Student: 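A single structure is presented below for examination.
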Amino acid sequence: MGLTKQYLRYVASAVFGLIGSQKGNIVFVTLRGEKGRYVAVPACEHVFIWDLRKGEKILILQGLKQEVTCLCPSPDGLHLAVGYEDGSIRIFSLLSGEGNVTFNGHKAAITTLKYDQLGGRLASGSKDTDVIVWDVINESGLYRLKGHKDAITQALFLREKNLLVTSGKDTMVKWWDLDNQHCFKTMVGHRTEVWGLVLVSEEKRLITGASDSELRAWDITYLQEIEDPEEPEPKKIKESSPGMQDTPEAEDGALEMDEAPKDRILSCRKAGSVMREGRDRVVSLAVDKTGRTLACHGTDSVLEVFCILSKEEVQKKMDKKLKKARKKAKLNSCQGDDEEEDLEVNVEMTLKDEIQRVTNIKTSSKIKSFDLIHLPQGELKAVFLLQNNLVELYSLNVSLPAPQPVRTSRITIGGHRSDVRTLSFSSDNIAVLSAAADSIKIWNRSTLQCIRTMTCEYALCSFFVPGDRQVVIGTKTGKLQLYDLASGNLLETIDAHVGALWSMSLSPDQRGFLTGGADKSVKFWDFELVKDENSTQKRLSVKQTRTLQLDEDVLCVSYSPNQKLLAVSLLDCTVKIFYVDTLKFFLSLYGHKLPVICMDISYDGALIATGSADRNVKIWGLDFGDCHKSLFAHDDSVMYLQFVPKSHLFFTAGKDRKIKQWDADKFEHIQTLEGHHQEVWCLAVSPNGDYVVSSSHDKSLRLWERTREPLILEEEREMQREAEYEESVAKEDQPAVPGETEGGSYFTGKKTIETVKAAERIMEAIELYREETAKMKEHRAICKAAGKEVPLPINPILMAYGNISPSAYVLEIFKGIKSSELEESLLVLPFSYVPDVLKLFNEFIQLGSDVELLCRCLFFLLRIHFGQITSNQMLVPVIEKLKETTISKVRQVQDVIGFNMAGLDYLKRECEAKSEVMFFADATSQLEEKKRKRKNRKKMILTLT
């Protein structure tokens, strides 16, 4: 049986018209050694890197399907961690733009990502209430921290100590000891969600932002530092508890819930609050790398900037205050005796003395996220991602007494400020027009560059005038606006309708067009050339010729290709067909339950397809007005419908975020174009049918391209079923309920289709190993019986790997599994394969190959199958052997590493001796030590004086 009908596949070609999407956060990235010039911005499923100086997009980090929700650059500036809506995390290299590492562990969107100081570990918090710490170097999960009862909002590593502090929407701030993955302190001093969290003043102070206008400051005291430094360690910890009971923290209400006193590592005491000017919740709170500048913003367009003073600056301030107080006391009191007491009373250090308000930065629209960078010249740069698809950069000189923020650059050209409501192609398929509430943009389809931007009123419909030199826009206020593309000027504005002008249709003879509006009328217009008084040349204009008055609002109009009929969709859910020449009524298409929003007539005038808010598309014959078929097209309103030129195929766009292609003859659904993350408003098919452009509420425009690849419907359905099955495999676990407790889910991984496939590969390899060993035995027996060597048939798979042994093939399979998926794959592996795996591991470790990898697998298998392995008598000798070989081989590896470290140390000393130059790390640490000593000396002098 031959192919009945061949369709060609459309594929996603590009995303444009988007500067940054709202769900994620903007961050500064270091590229080509330059700081403060490049920013990474989430853009639907991709990440765009923008050059702020040139306003150009220089790199796209390609995502898969899910939207980006969180970004975090690594401390060395070479990588960017990206968190997605489905809970996966990918780490991209900023040099190559490739994402090689993927972590799957969370069940819901990632809300926060933070690297530790060296960039070796990454903490991720999610809406599923868990925090997971990942080992970036080994590309695997370390542990999962459970305890919060709602989404995590922030997680921070401490620099000096192996601690993590996290905040959540459950009003809690939790402190975790990462040595034993245990929450040793919960701060319950907040009444509302904790939205932001920063550590300042050399990690001695914690500042939190909640749903009110206070920023709360907490003093952190590490208990080892309170006691006498000469005292031995264990005694010190024991004695720290009675001392702690006397601290003012006890008076502060139940501000924290601790473990037994000896488990305490630090104490937190509320130091006070800094009042914000904003009345609403803190959206984000951040501090720059130097820890000197603190900034926060609410749901408005103001960023409040504070300066955190150093101890020396606070001391100077206090001295000034003291002088003032003394002067005041001298003036006020006649007796000089009680002067001293007065002075003591007057000067108290408050939080305001330590955290000073610097200034406010007012942006042009609501702030969604921001990032700070402190440049060496004392300049602070703040970059903002705004709600209306805009990036702005402000600079501020913090060293000045009253710094004024200056806007140094903004990225605007690459997108509209609001949703695009109309799209159209030029007749040569090259230019694309998009129009929104305030502007029209003309894009070059091949380069995706914006060629022209023109201001307009709220646009609802548009088309290129034949010749592609002018465009006509229909607006929400009922005006027709005519623009010249070469100059970008508005040529003319005509009041066409009283209400909104919903739809326009160019006449097939290209001499005029018709418009339909909310004033219940359809108007016919002709193009004409008119002469302006002040110019000699004629210019294009339009004049109204006829009006068709109706009983209901007109939502959509369309000419038939032979220009004999005119279709009008009305608010009463019907479509009326009229003769163009006499305007007499011809047919009424009745059947939709809700108004028809969009419709189109096929190129030969035989069919009309109508799309409605009732989610159905109906295909009608234009000769008798009979309904050929009603298709349930989308899960929400059908917003736009257009036939592919010279065919009976058409595209529909829906509020369910999908674009679908249909065959109007066979009534078949051909393919679904998925990619938009919000409602799709409109689309345009190019005159040659090779391209489709769509626009959505996610602010993005997407270009889809027709390939030469044939699309066979049965295969398409099969692929769809496979995709659904793969999704269901990953979702076998029940959905995450905030705060649920599940036994034994402390592993960091998550079952995905990749881990299932990896486990299947291991199973296949072991089965092949079993078969091959059985064949070998048989072969030996045959050789013995025959008394000569008989040729052994080699397995083609082993041949492909270069004639390796079956056991070596198993090792190759283990090596081929991604590090981040290894544990989860072993978790899925049935126990019947484990004995063989353990025997093979013993062989491999004896040979000394891949000891680290094999030990990791071995320890994990022992952990999860401990009961079954220990109760199995057959495995006891295997485990005994493994014990011997593993310990000796791990020691050998340790020795090799130790030897190499010593060798590198020796080489370093040699280099230093030759060049008499210290290595940077040591030099900086010694410099810090000197500074510290100098500070202490100054303090001593101050106290003596």
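Model, not experiment: these values are computed from the prediction.
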Student: Keeping Lys750 on the side-chain end and His106 on the backbone end, is there a donor-acceptor pair under 3.5 Å?
Tutor: yes
Student: Do Ser284 and Trp195 meet the criterion of a side-chain donor-acceptor pair at a distance under 3.5 Å?
Tutor: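 No, because no side-chain N or O of Ser284 sits under 3.5 Å from a partner of the opposite role on Trp195.
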Student: Is a side-chain donor-acceptor pair under 3.5 Å present for Arg90 with Asn104?
Tutor: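 Their side chains do not contain a donor-acceptor pair, so the 3.5 Å distance test is not met.
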Student: Quick one: pull up OG1 in Thr447 and CG in Asn444 and give me the separation to the nearest 0.5 Å.
Tutor: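 The OG1 atom of Thr447 sits 3.5 Å away from the CG atom of Asn444.
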Student: When you look at Trp443 and Phe16, which way does the ring pair (Phe, Tyr, Trp, His ring centres under 6.0 Å) test go after all the steps?
Tutor: CA-CA 10 Å; Trp443 308 83; Phe16 64 107; 5.2 Å; yes
Student: Do the numbers put Arg706 on top of the ring of Tyr691, so that NZ or CZ is under 6.0 Å from the six-membered ring centre and no more than 45° off the axis?
Tutor: no
Student: Using the benzene-type ring in the case of Trp, are the ring centres of Phe103 and Trp134 under 6.0 Å apart?
Tutor: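 Here the rings of Trp134 and Phe103 have centres that are less than 6.0 Å from each other.
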Student: Test: side chain to side chain donor-acceptor pair (under 3.5 Å). Region: residues 370-381. Which pairs qualify, not counting sequence neighbours?
Tutor: Glu379-Ser395
Student: Can you tell me if Thr755 uses its side chain to pair, donor with acceptor, with the backbone of Glu821 under 3.5 Å?
Tutor: no
Student: Are the aromatic ring centres of Phe28 and Tyr38 under 6.0 angstrom apart?
Tutor: no
Student: Can you confirm whether the side chains of His677 and Gln66 place a donor and an acceptor under 3.5 Å from each other?
Tutor: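 Gln66 and His677 do not have a side-chain donor-acceptor pair below 3.5 Å.
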Student: So, Arg856 and Glu823, do they make that salt bridge, N to O below 4.0 Å?
Tutor: yes
Student: Salt-bridged, Glu824 to Lys751, with N to O below 4.0 Å?
Tutor: no
Student: Taking ring-ring contact (aromatic ring centres under 6.0 Å, His included) as the test, write out the residues that go with Phe370, two or more places apart.
Tutor: His297
Student: I need the single residue from Lys368, Arg410, Glu392, Arg417 that forms a side chain to side chain contact (heavy atoms under 4.5 Å, CB included) with Leu386. Which is it?
Tutor: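 Of Lys368, Arg410, Glu392, Arg417, side chain to side chain contact (heavy atoms under 4.5 Å, CB included) with Leu386 is met by Glu392 alone.
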Student: Between Asn389 and Gly20, is there a donor-acceptor pair closer than 3.5 Å when you use the side chain of the first and the backbone of the second?
Tutor: yes
Student: Does one side chain, of Thr153 or Ser167, offer a donor that lies under 3.5 Å from an acceptor on the other?
Tutor: yes
